[in-house]
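Take a look at the structure set out below.
We name chains A, B, ... by the order of the sequence lines, and we start the count at 1 in each one.
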2 protein chains.
Amino acid sequence: MAAESSIRRDTQAASEEGEALVPAMFQNLIGYHLRVAQETSFQAFARAAGKADLKPGWYALLTALAERESMTPSELSRICGRDRSTLTSSLKALSHRGLIARRRNPDDQRSYSVKLTEDGRKMQERLHEIAVVQNARLDEIAGEDKAVLIDVLGRIAATFGTQDF
Amino acid sequence: MAAESSIRRDTQAASEEGEALVPAMFQNLIGYHLRVAQETSFQAFARAAGKADLKPGWYALLTALAERESMTPSELSRICGRDRSTLTSSLKALSHRGLIARRRNPDDQRSYSVKLTEDGRKMQERLHEIAVVQNARLDEIAGEDKAVLIDVLGRIAATFGTQDF
DNA sequence: GCAAGATAGTTTGGTGTCAAATTATCTTGC
DNA sequence: GCAAGATAATTTGACACCAAACTATCTTGC
């Protein structure tokens, strides 16, 4: 595992040893801790997925598709919280790799729907396994605070996510 | 304010009305809620800063510099948790806009240090005001759970941020 | 001293994201 | 029926980010 180690060790990013020490000014800021927690945990997921040669960014897309059988890009955009223009390129990549299939909507020539292919489903399942492990780790860390954590995070998302400025 | 409204309203992104409804598969996943909470709250900050024509991404950088008088790019990288290569372009932009000044290190020709200019300090202060408002909002939402929230987020960051894979 | 290795910063290439503008198609009001 | 507006997706342009490769400089061991 020394070899594995070095992959991470010689990167130029932060999170090395001696260490950052939360800048005093940020210590009490929820937003700061939110960002750091989210970034580090996502990166852990990305690393785990990357080792298995999987694209972590596809997980949300594939999982949403795994639940609905078929969706238009716009629906997927709403569900995943990404701009439609972002979906255009993601779907192009997924399609190119044979993970999804597109089908024109006969009732509306502007629109089409996408669904998982067999390969897409397999990829989703492999990513899901990694996500499950990652999430078990998070559950363990949160321990008895999990319910409170999810509740507060939900309140934050609800407050900022629904108001139109 | 109808005009303000439309800026946001006609974007193609999600977080519109009827609305996403958390996909069942994600409902219980801490990672998912973490991501959504962080993204929505950051976007709220970015919108607020954007209205005042400020670059939200510069806040962390300028604030770190506001606390230390002078730092090298590498130190800033560690403190802000960004890759050194990311800093290169950020610092170029900040410098170009006269918000920071660079000074070569006479003892080491490879290195230099950056410090805030007067304009940089002003920008930091204006961004800070917005951050304070934003954070008051978060504090309000978190309410009595704030301490638990920060604690759990800190544990998450500590766990994923310090292990070398 | 000087070669080998470490370190500071930059460059290059790739990803993911948003927003604005664009194209094609559909719907509505008259 | 047809013009005006709405809607679905795409294109284009801009950023922020990371990682790997690179350049220049410093440090160390001998």
Between the protein and nucleotides 15-17 of chain D, list every N/O to N/O distance that falls short of 3.5 Å.
unit_1: D:dC17; atom_1: OP1; unit_2: B:R82; atom_2: NE; d: 3.3

Closest to the A:S85 side chain, choosing from C:dA19, D:dA20, C:dA8: C:dA19

Derivation and outcome, side chain to side chain contact (heavy atoms under 4.5 Å, CB included), residues B:L34 and B:L153: CA-CA 9 Å; B:L34 205 45; B:L153 294 176; 3.6 Å; yes

In this structure, how many angstroms lie between the [atom2] atom of [N] and the [atom1] atom of [X], rounded?
{"X": "A:L87", "N": "D:dT11", "atom1": "CG", "atom2": "C1'", "value": "15 Å"}
{"X": "A:R84", "N": "D:dA8", "atom1": "CZ", "atom2": "P", "value": "6 Å"}
{"X": "B:F42", "N": "C:dT17", "atom1": "CZ", "atom2": "P", "value": "14 Å"}
{"X": "A:L91", "N": "C:dG16", "atom1": "CG", "atom2": "P", "value": "12 Å"}
{"X": "B:K92", "N": "C:dT10", "atom1": "NZ", "atom2": "P", "value": "8 Å"}
{"X": "A:Y59", "N": "C:dG16", "atom1": "OH", "atom2": "C1'", "value": "19 Å"}
{"X": "A:L76", "N": "C:dT17", "atom1": "CG", "atom2": "P", "value": "12 Å"}

Within 6.0 Å of NZ in A:K146, more than 12 heavy atoms from elsewhere: yes

Donor-acceptor contact below 3.5 Å, side chain A:Q134 vs main chain A:S41: yes

Side chain A:T40, main chain B:F160, donor-acceptor under 3.5 Å: no

Rounded (10°) bend between the five-pair end axes of the helix from C:dG1-D:dC30 to C:dC30-D:dG1: 10°

Residue pair A:T72, A:N105: steps toward the side chain to side chain contact (heavy atoms under 4.5 Å, CB included) verdict: CA-CA 9 Å; A:T72 65; A:N105 177 352; over 6 Å; no

Sugar-phosphate, base or nothing in reach of A:S74, heavy atoms under 4.0 Å: sugar-phosphate

Of residues 102-113 of chain A, the positions that come close to DNA chain D - non-hydrogen atoms, cut-off under 4.0 Å: A:R102, A:R110, A:S111, A:Y112

Nearest-0.5 Å distance, CE of residue B:M71 to CG of residue B:L61: 8.5 Å

Point-to-point distance, once rounded to the nearest 0.5 Å, from CG of A:D151 to CD1 of A:I156: 10.0 Å

Side-chain heavy-atom pair B:V152, B:R155 within 4.5 angstrom cut-off: yes

Residue pair A:T63, B:Y32: steps toward the side chain to side chain contact (heavy atoms under 4.5 Å, CB included) verdict: CA-CA 12 Å; A:T63 299; B:Y32 173 78; over 6 Å; no

B:S85 and B:D83: side chain donor to acceptor below 3.5 Å: yes

Audit row: A:Q38, B:F42, side chain to side chain contact (heavy atoms under 4.5 Å, CB included) steps and yes/no: CA-CA 12 Å; A:Q38 135 70 13; B:F42 176 75; over 6 Å; no

